[in-house]
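Everything on this sheet refers to the single structure shown next.
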Number of protein chains: 2
Amino acid sequence: MNNYTDILRQHNLKATPQRLEITNALYQAGHITIEKLYEIMHKKFNSISLATIYKNINLMVEASFIQEVKVPNAKSVYELTKDKHSHIVCSSCGDITDVDLDLDSIIKDAATISSHTIDRSDLVLSGTCKNCQ
Amino acid sequence: MNNYTDILRQHNLKATPQRLEITNALYQAGHITIEKLYEIMHKKFNSISLATIYKNINLMVEASFIQEVKVPNAKSVYELTKDKHSHIVCSSCGDITDVDLDLDSIIKDAATISSHTIDRSDLVLSGTCKNCQ
DNA sequence: CTCTGTGCAAAGCGTTTGCAAACGA
DNA sequence: TCGTTTGCAAACGCTTTGCACAGAG
């Protein structure tokens with residue numbers, strides 16, 4: 001049992017049952033669309049509103065408690081913020097998995113080539129997962 | 001002067017003035033949002049409709065003549081399809097530049113770790129460009 | 001008790017669709 | 001000429017907003 005109550009409060013968010021369930025759903029699913037999240041939430045709170053989902057998702061993104069992942073040719077998914085990682089999407093079943101890749105030298109190259117400072121990297125790989133092959 | 005007329009036809013798209021101008025705007029801008037594209041188009045065709053822009057953008061994406069780039073915390077941009085490359089976004093001015101990075105070994109690692117096949121990679125780096133620093 | 005969060009309904013915004021007229025080949 | 005494309009208006013779907021009531025601290 002994770003203590004999301006405290007974590008929410010640390011982000012100045014009251015620990016309402018709805019928020020605890022959103023957090024729990026994100027934890028369970030790993031990556032989830034708004035649509036799917038609403039489905040799950042609706043089972044527990046049959047009168048929940050999509051507005052509540054959106055308001056909370058936006059607050060949680062602002063608080064950097066969760067993050068949006070933009071996926072090519074698909075809807076965005078949300079995940080709990082965790083250590084830096086990349087994503088692999090299966091174009092067939094849509095499943096998304098995390099993968100820990102070392103992008104340091106590539107980012108360093110990019111910074112040199114472009115004269116940019118770089119503070120964020122989003123890598124999404126697409127292909128076919130083992131099950132779908 | 002690029003011969004987009006022929007290129008459009010090779011993709012089974014009639015070379016209308018509107019399409020030639022969309023293509024030209026993409027070429028000039030490198031990366032462009034729908035909104036900005038409409039602005040530019042409107043100067044040349046004052047009665048152009050957003051519907052025309054959307055229809056053509058969608059056809060061109062389907063034909064792989066252009067591609068959508070999903071940008072964190074910003075609207076998608078479109079670019080002419082060219083050799084594989086990554087993108088660097090300036091969080092300050094919003095400017096997007098192409099950068100040629102070798103992701104081969106990283107992709108290979110990811111394929112091994114995940115047992116996926118990988119046929120596409122989208123890397124978007126974010127930071128601050130030289131001008132904005 | 002106070003202030004924040006929820007749920008509802010309405011509004012807002014970006015995108016798509018249907019259709020008649022215009023146009024490219 | 002024939003099939004495609006354009007522009008308009010309406011429809012659509014996702015997201016946000018305003019407000020009264022409920023609930024967390």
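Bear in mind that the values here come from a model prediction, so they are computed numbers and not experimental data. Each chain gets a letter, A, B and so on, in the order the sequences are listed, and its residues count up from 1.
- In this structure, the CG atom of A/N56 is 15 Å from the P atom of C/dT4, given to the nearest Å.
- Comparing D/dG7, C/dA25, C/dG7 by their nearest atom to the side chain of B/R9 picks out C/dA25.
- In this entry the distance linking NZ of A/K75 with P of D/dG13 reads 11 Å, nearest Å.
- Residue B/A15 has its side chain nearest to C/dA25 when only C/dA25, D/dT6, C/dC8 are considered.
- With hydrogens and angles left out, the side chain of A/K55 and the base of D/dG18 share a donor-acceptor pair within 3.5 Å.
- The separation between B/I22 atom CD1 and D/dT6 atom C1' is 11 Å, rounded to whole Å.
- Here C/dT6 presents its C1' atom at 15 Å from CG of A/L8, a figure rounded to the nearest Å.
- Taking atom CD1 on B/I57 and atom C1' on D/dT6, their separation rounds to 15 Å, with Å as the unit.
- C/dC8 atom P lies 13 Å from atom CZ of A/F45, rounded to whole Å.
- Between the CE atom of B/M60 and the C1' atom of D/dT4 there is a distance of 14 Å, given to the nearest Å.
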Item to check | Steps toward side-chain contact (heavy atoms from CB on, under 4.5 Å) verdict (A/L59, A/R19) | outcome: CA-CA 11 Å; A/L59 285 170; A/R19 284 180 184 161; 3.6 Å; yes

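- Between B/F65 and B/H11, the ring planes lie tilted relative to each other; the angle falls in the 30° to 60° range.
- Taking the side chain as every heavy atom from C-beta outward, A/T97 and B/H116 approach each other to under 4.5 Å.
- Nucleotide C/dC23 holds its P atom 15 Å from the CZ atom of B/R19, rounded to whole Å.
- The side chain of A/Q18 contributes an N or O atom lying less than 4.0 Å from OP1 or OP2 of C/dG7.
- Residue B/T52 places at least one side-chain N or O under 4.0 Å from the OP1 or OP2 atom of D/dG7.
- When the side-chain nitrogen and oxygen atoms of A/T16 are compared with OP1 and OP2 of C/dT4, none of them lie within a distance under 4.0 Å.
- If B/P17 and B/I34 are placed on DNA chain C by their nearest nucleotide, the residue sitting closer to the 5' end is B/I34.
- The 5' end of DNA chain D is approached more closely, in terms of each residue's nearest nucleotide, by B/K14 than by the other of A/N58 and B/K14.
- The side chain of B/N12 contributes no N or O atom lying less than 4.0 Å from OP1 or OP2 of D/dT4.
- Residues A/Y78 and A/E68 approach most closely at CE2-CB, 3.6 Å, considering heavy atoms.
- A perpendicular orientation is assigned to the rings of A/H85 and A/H87, their planes being inclined by more than 60° (bins at 30° and 60°).
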